[in-house]
Amino acid sequence: MTANPTPAGPPKKVNRIGLEMSAYRGGKTTLCAGCGHNAISERIVEAFYEMGVESTRVIKLSGIGCSSKSPAYFLGASHGFNSVHGRMPSVATGAMLANKDLLAIGVSGDGDTGAIGIGQYVHLMRRNVPVIYIVENNGGYGLTKGQLSPTADLGTTLKNGVVNDLPAIDLCALAMELGASFVARSFSGDKKQVASLVKAAIAHRGTSMLDIISPCVTFNDHEGSTKSYSYVKDHDEPLEELSFVPFFEDISVDYEPGAVQEVLLHDGSKLFLKKLAGDYDPTNKAMARKVLHESASRGEFATGLIYVEPARPDFLTLLNVVDEPLATLPEERVRPPKAALEAIMRGLM
Ligand SMILES: Cc1ncc(C[n+]2csc(CCOP(=O)(O)OP(=O)(O)O)c2C)c(N)n1
Ligand code: SF4
Ligand SMILES: [Mg+2]
């Protein structure tokens with residue numbers, strides 16, 4: 001007697017390179033249930049799946065912190081380097097110099113970036129190194145039990161009542177001022193906005209700095225904190241409604257002339273920005289500066305695409321690096337022959 005064949009289930013959904021979403025997942029999270037960082041990892045998984053990126057082309061980088069543990073929870077088949085506290089930018093710069101064909105995504109925390117790593121951060125932004133740089137910003141040091149970080153707003157309190165008497169560093173304003181070519185702010189609870197921004201960051205060539213407010217449910221989700229879920233939900237001021245159209249999809253978007261701004265990204269993908277805040281234009285740095293300062297002074301978060309400059313040359317272009325990745329060049333092309341070295345030495349005598 002022959003056994004009944006198992007009925008075939010519905011066909012599995014795959015992306016444009018034939019992979020299921022599960023191919024983009026990583027290990028099981030060890031972060032607290034409800035931590036904003038977990039929601040961001042989910043959006044990264046979805047974005048890389050939807051863009052059909054080859055995992056082996058991606059390098060994930062991080063420093064130290066709960067946020068910096070996140071790369072273990074997405075893109076399990078990609079390259080990875082969990083570096084020292086605050087040192088992710090120099091490792092990312094080195095990796096991209098060695099292999100310009102990589103797609104680098106760095107995840108850091110507000111402590112990792114804004115405190116010990118600030119010196120490295122400013123140079124990565126200034127160089128416009130082609131890296132997606134995500135700060136999972138909870139206004140505190142989650143991993144070491146909730147101390148105030150440099151992005152904690154003036155006057156916010158710790159759970160035990162200690163008041164923060166220092167002003168916050170605005171990582172978006174800093175990135176934009178220094179030369180990053182794609183600067184955005186979002187909230188881990190805004191699935192649609194985070195997803196569109198991560199996909200747009202994949203399509204951009206240059207530094208994409210995403211400052212994502214990501215509440216720490218264990219140490220910084222109380223009244224008195226401006227990085228709690230309830231505070232951020234009540235004070236989120238989206239600048240635009242974002243629609244991302246990847247280069248491999250031919251979708252025409254219908255809109256009233258003037259109502260939507262189109263941003264063409266490096267790989268041919270497009271972002272359509274339906275303005276929600278007056279005539280906001282993210283290609284205008286002076287306007288972006290003003291909006292960031294004004295919203296911060298009202299205790300609000302301006303979210304969305306804050307600044308974009310798609311044509312700004314990235315660091316590797318400025319360095320005029322050869323087309324082939326340096327890491328793949330054969331020895332005879334990277335090591336001058338003995339005769340060439342001897343000729344240089346003779347010239348110095
Ligand atoms: C050189 C060094 N100094 C200090 C520490 C202790 N330390 C570990 S994580 C951390 C801060 C983490 O905060 P953040 O980057 O905001 O990440 P979060 O845990 O909040 O996601 C600190 C100070 C360390 N690991 N190494
Ligand atoms: S301590 Fe805070 S930042 Fe760390 S995993 Fe828990 S909720 Fe997230
Ligand atoms: Mg933090």
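What you see is a predicted model; the values in this text were computed from it and never measured. Numbering of ligands and ligand atoms starts at 1, following listing order.
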Legend entry - Top protein contact for atom 1 (C) of ligand 1, by heavy-atom distance: Ile116 CD1, 3.7 Å
Inset, instruction - Give the contacting part of Asn138 toward ligand 1: side chain, backbone, both or neither, where contact means a heavy-atom distance below 4.0 Å. - result: side chain
Inset, instruction - Could you check atom 17 (O) of ligand 1 against the protein and tell me its nearest heavy-atom contact, residue, atom and distance included? - result: Ser67 OG, 3.2 Å
Legend entry - OH on Tyr133 to OG1 on Thr207, rounded to 0.5 Å: 10.0 Å
Legend entry - Per-atom contacts of ligand 1 with Thr144, taking only distances under 4.0 Å to non-hydrogen atoms: 6 (C), 7 (N), 8 (C), 22 (C)
Legend entry - cation_pi(Lys145, Phe219) dist<6.0 Å, angle<=45: no
Legend entry - Residue Asp112 vicinity, atoms of ligand 1 by number, heavy atom under 4.0 Å: 14 (P), 15 (O)
Legend entry - Audit row: Leu329, Val322, side chain to side chain contact (heavy atoms under 4.5 Å, CB included) steps and yes/no: CA-CA 10 Å; Leu329 291 179; Val322 288; 4.1 Å; yes
Legend entry - For atom 2 (C) of ligand 1, the protein heavy atom that lies nearest, with its residue and separation: His85 CD2, 3.7 Å
Legend entry - Closest heavy-atom pair and its distance - Tyr231, Thr226: CD2-O, 3.3 Å
Legend entry - Check: Tyr121 side chain, Leu171 main-chain N or O, donor-acceptor pair, under 3.5 Å: yes
Inset, instruction - Assess Ser149 for proximity to ligand 1: is some non-hydrogen atom of it under 4.0 Å away? - result: no
Legend entry - Residue-atom pairs from the protein, N, O or S only, that lie under 2.8 Å from the Mg ion (ligand 3): Asp110 OD1, Asn138 OD1, Gly140 O
Inset, instruction - Write out the protein residues near ligand 2, meaning a non-hydrogen atom under 4.0 Å from one of its atoms, in order of chain and number. - result: Leu31, Cys32, Cys35, His37, Cys66, Asn138, Gly142, Cys216, Val217, Thr218, Phe219
Inset, instruction - Work out which heavy atom in Gly52 is nearest to a heavy atom in Arg16; give both atom names and the distance. - result: O-NH2, 3.5 Å
Legend entry - Side chains of Ser62 and Asn82, donor plus acceptor under 3.5 Å: yes
Inset, instruction - State the OG-CE distance between Ser108 and Met209, to the nearest 0.5 angstrom. - result: 9.0 Å
Inset, instruction - Please check if the side chain of Lys227 supplies one atom and the backbone of Thr151 the other of a donor-acceptor pair under 3.5 Å. - result: yes
Inset, instruction - Output yes when the distance from some N or O of ligand 1 to some N or O of Gly140 is under 3.5 Å, and no in every other case. - result: yes
Inset, instruction - Could you tell me whether Val84 approaches ligand 1 through its side chain, its backbone, both or neither, with non-hydrogen atoms closer than 4.0 Å? - result: neither
Legend entry - Donor-acceptor contact below 3.5 Å, side chain Ser68 vs main chain Gly63: yes
Legend entry - Interatomic spacing from OG in Ser78 to OH in Tyr24 - rounded to 0.5 Å: 8.5 Å
Inset, instruction - Name the orientation class of the two ring planes belonging to His204 and Phe182 (parallel below 30°, tilted from 30 to 60°, perpendicular beyond 60°). - result: tilted
Inset, instruction - Before signing off on this row, confirm whether Cys66 and ligand 1 have an N or O atom pair separated by under 3.5 Å. - result: yes
Legend entry - Option from Met125, Gln120, His123 for which side-chain contact (heavy atoms from CB on, under 4.5 Å) with Pro89 holds: Gln120
Inset, instruction - Would you kindly say whether Asp314 and Thr317 are connected by a side-chain donor-acceptor distance under 3.5 Å? - result: yes
Inset, instruction - Give the atoms of ligand 1, by number and element, whose distance to some non-hydrogen atom of Gly142 is under 4.0 Å. - result: 18 (P), 19 (O), 20 (O)
Legend entry - Point-to-point distance, once rounded to the nearest 0.5 Å, from CG of Leu305 to OG of Ser186: 11.0 Å
Legend entry - ligand 1-proximal atoms of Gln147, by part, heavy-atom distance under 4.0 Å: neither
Inset, instruction - Starting from atom 13 (O) of ligand 1, find the nearest protein heavy-atom neighbour and note its residue, name and distance. - result: Tyr141 CA, 3.4 Å
Legend entry - Where ligand 1 meets His37 - atom numbers and elements under 4.0 angstrom, heavy-atom basis: 21 (O)
Inset, instruction - Around atom 16 (O) of ligand 1, find the nearest protein heavy atom and jot down its residue, atom name and distance. - result: Gly111 N, 2.8 Å
Legend entry - Among Asp170, Thr303, Asp236, side chain to side chain donor-acceptor pair (under 3.5 Å) partner for Arg185: Asp170
